[in-house]
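Below is a structure I'd like to ask you about.
First the proteins, then the strands, lettered A, B, ... as listed; each starts at 1.
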2 protein chains.
Amino acid sequence: MDKRKQILDSALKLFVEYGFHGTPTSLIAKEAGVANGTLFHYFATKDALVIALYVDIKSRMALYLSEQTGTQKTYKDTIREQYIASVYWALENKLEFRFTEQFKTSPFFAQIAPKEIEESLKPFYDMLYAGISEKIIKPQPVDLLFTLISSQTFGLNQYLLSHQFSKTKQHQVISDTFEMLWAMIT
Amino acid sequence: MDKRKQILDSALKLFVEYGFHGTPTSLIAKEAGVANGTLFHYFATKDALVIALYVDIKSRMALYLSEQTGTQKTYKDTIREQYIASVYWALENKLEFRFTEQFKTSPFFAQIAPKEIEESLKPFYDMLYAGISEKIIKPQPVDLLFTLISSQTFGLNQYLLSHQFSKTKQHQVISDTFEMLWAMIT
DNA sequence: AATTTTACCGACTGTTTAGTCAGTCTGTAA
DNA sequence: TTACAGACTGACTAAACAGTCGGTAAAATT
């Protein structure tokens, strides 16, 4: 019954299927079961809708990650937990993953304030700093380390999404690749 | 004077700046210094232009990589050479890199025959197979290994493109990350 | 030299699209 | 019971767009 949400849901589905500009606002409204004007009641422009959708997805992802993250015994366990959580998020939210993938490489991404991005990355960076000072992690710039780690999870997500594995096999791949990642950064 | 090429060049530049659908064909023609109709003389539809551009870039990249690749002494040297060549290609062809990045995550990509993709990957896969049988590379599925390697170069490209490093520093980062990659896959 | 094919032009069009607007309906609070 | 606000509608419009077409001129083929 929440029309705003229905609009976002339909937009997500259609954007992934047809791309941002391949999807007319009229189709989004129709699919969401609302009038054309309603869409513009909630979102000033189509661009604003695209950006709102990205922000919404990012915050839901952040929530998921914070929920999944307990306090682990060792440093390695903490990193592993983060790694696994972010991979599972993508597996459980395929459309959302595909959308962010598309969004990040699009010109829209330039409209997201770099400050906000930095902000959301800080906890991660801090964790890496800690690992470096404890001489667990290789002494490389944290933003480089972060790029390498996130591009690895990114690639793994693409791999898992394009194959159909059993839960067991899937988990196997995830832990194998984590060990490989660990070998890379330590 | 080659109008087809001029159209492709302008399309590349504009697509990266405004996105596929954010760029009208009229603007591409104008920027290329040709008439509107000429664009449709060379490319039946706008979609055909997008795809032709992707194919063109891919073949130029393949050419570059084959030119850069000599026969190296050791297996590790061969892999390193490939790694370095593909990173430099992106650095020397930023627009092209950005475009393929955008293309691959777009719904257009579905129109590229999977058979052709497989074809172009085969030499790489064979090289990895060889590494596994010689017990140099970890015994993991080659498509997984390939995904991990290419997502790493991908991430590194993004990193290098978003920082301005001196040639020396740049090379430093590239060889450091190669060693990290090597640690991951062996 | 005659004929056909190809490269190229740019004005034009039918359609699609983002966004508007005048107004209805529902809840709520004075 | 009236007054107001905000959600919601869908017909509408102005602009933008992909693609067409009738035509010219040069190149290639006969």
Side-chain angles (χ1 to χ4, degrees), chain A residues 1-57 59 95 99 102-103 105-112, chain B residues 1-57 59 95 99 102-103 105-112:
Chain A
M1 273 286 100
D2 181 348
K3 307 221 168 182
R4 197 188 121 97
K5 193 167 177 352
Q6 276 172 248
I7 292 167
L8 287 173
D9 284 351
S10 306
L12 172 61
K13 191 183 136 196
L14 294 167
F15 284 159
V16 169
E17 193 169 353
Y18 306 113
F20 304 129
H21 296 272
T23 310
T25 51
S26 55
L27 187 61
I28 299 172
K30 194 180 168 192
E31 186 88 6
V34 304
N36 214 299
T38 307
L39 190 149
F40 290 97
H41 174 69
Y42 286 105
F43 307 96
T45 63
K46 191 185 179 182
D47 280 23
L49 166 62
V50 174
I51 292 177
L53 181 55
Y54 179 75
V55 171
D56 180 67
I57 288 174
S59 77
L95 286 180
F99 173 80
Q102 220 174 298
F103 186 89
T105 59
S106 80
F108 282 107
F109 193 56
Q111 289 177 55
I112 301 290
Chain B
M1 273 285 102
D2 182 349
K3 308 222 165 181
R4 196 189 121 98
K5 193 167 176 353
Q6 276 171 249
I7 292 167
L8 286 173
D9 283 352
S10 306
L12 172 61
K13 191 182 137 198
L14 294 167
F15 284 159
V16 170
E17 193 168 354
Y18 306 113
F20 304 128
H21 296 271
T23 310
T25 51
S26 55
L27 187 61
I28 298 171
K30 194 180 169 191
E31 186 86 7
V34 304
N36 214 298
T38 307
L39 189 149
F40 289 98
H41 174 69
Y42 286 105
F43 307 97
T45 62
K46 190 185 180 182
D47 279 22
L49 166 62
V50 174
I51 292 178
L53 180 56
Y54 179 76
V55 170
D56 180 66
I57 289 174
S59 77
L95 286 180
F99 174 81
Q102 220 174 299
F103 186 90
T105 59
S106 80
F108 283 108
F109 192 55
Q111 289 177 55
I112 301 290

*DNA chain D: A:G33 or B:F40, which has the more 5' nearest nucleotide?*
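Counting from the 5' end, the first nearest nucleotide belongs to A:G33.
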_Counterpart residues, side chain to side chain donor-acceptor pair (under 3.5 Å), relative to A:E31 (two or more places apart)_ =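 Checked A:E31 against side chain to side chain donor-acceptor pair (under 3.5 Å); matches are A:K13.
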*Would you kindly give the CG-to-C1' distance between B:L39 and C:dG10, to the nearest whole Å?*
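Roughly 13 Å, once rounded to whole Å.
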*Which residue lies more 5' along DNA chain C, comparing A:S26 with B:A35 via nearest heavy atoms*: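 Its nearest nucleotide being more 5', the pick is B:A35.
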*B:F43 versus B:L8: any side-chain heavy-atom pair under 4.5 Å?*
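Sidechains of B:L8 and B:F43: in contact.
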*asked:* Nearest whole Å is fine: how far is C:dC9 P from B:I7 CD1?
replied: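 Atom-to-atom, B:I7 to C:dC9, this comes out as 9 Å.
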*Select one nucleotide: of C:dC9, D:dT9, C:dT17, the one nearest the side-chain heavy atoms of A:T38.*
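Of the candidates, D:dT9 comes closest.
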_Counting only side-chain heavy atoms from C-beta out, which of C:dC9, C:dG19, D:dG19 sits nearest to A:K46?_
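So the side chain of A:K46 is nearest to C:dG19.
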*Taking the side chain as every heavy atom from C-beta outward, state whether B:I28 and B:F15 have any atom pair closer than 4.5 Å.*
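Yes. Closest side-chain heavy atoms under 4.5 Å.
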*Would you mind reporting whether B:F108 and B:Y54 have side-chain heavy atoms less than 4.5 Å apart?*
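They are not in side-chain contact.
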*Expressed in angstrom and rounded to an integer, what is the separation of A:D47 atom CG from C:dG19 atom C1'?*
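Taking CG of A:D47 and C1' of C:dG19, I get 12 Å after rounding.
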*Got a sec, which residues hit side chain to side chain donor-acceptor pair (under 3.5 Å) with A:K5, two or more places apart in sequence or on another chain?*
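Applying side chain to side chain donor-acceptor pair (under 3.5 Å) to A:K5 gives A:D9.
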*asked:* Check the phosphate of C:dG10 against B:K30, side-chain N and O only, distance under 4.0 Å to OP1 or OP2. Yes or no?
replied: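 No, no such contact exists.
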_Atom-to-atom span, CZ of A:R4 to C1' of D:dT9 - whole angstrom_ =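 Those two atoms, CZ and C1', are 19 Å apart.
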*Contact residues, residues 13-22 of chain B to DNA chain D [heavy atom, < 4.0 Å]*: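 When residues 13-22 of chain B is checked for heavy atoms under 4.0 Å from DNA chain D, there are no hits whatsoever.
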*According to a strict under-4.0 Å criterion, is B:T25 in side-chain N/O contact with OP1 or OP2 of D:dA18?*
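So the side chain of B:T25 is within the cut-off, an N or O lying under 4.0 Å from OP1 or OP2 of D:dA18.
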*Check the distance between D:dA18's P and B:L27's CG and give it to me in whole angstrom.*
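It is 10 Å, rounded to the nearest whole Å.
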*Answer whether the closest heavy-atom distance between the side chains of A:V34 and A:H41 falls below 4.5 Å.*
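The answer is no, as the side chains (C-beta and beyond) never meet within the 4.5 Å cut-off.
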*Taking the side chain as C-beta and beyond, is there a heavy-atom pair between B:I57 and B:L12 under 4.5 Å?*
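Result yes, sub-4.5 Å side-chain heavy-atom pair found.
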*Of all residues at least two apart in sequence or in a different chain, which pass the side chain to side chain donor-acceptor pair (under 3.5 Å) check with B:T23?*
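Here no residue qualifies.
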*Which residues satisfy the side chain to side chain contact (heavy atoms under 4.5 Å, CB included) test with A:E17, sequence neighbours excluded?*
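A:E17 satisfies side chain to side chain contact (heavy atoms under 4.5 Å, CB included) with no other residue.
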Polar-atom pairs under 3.5 Å, protein N or O versus N or O of nucleotides 12-14 of chain C: list them with distances, or write none.
none

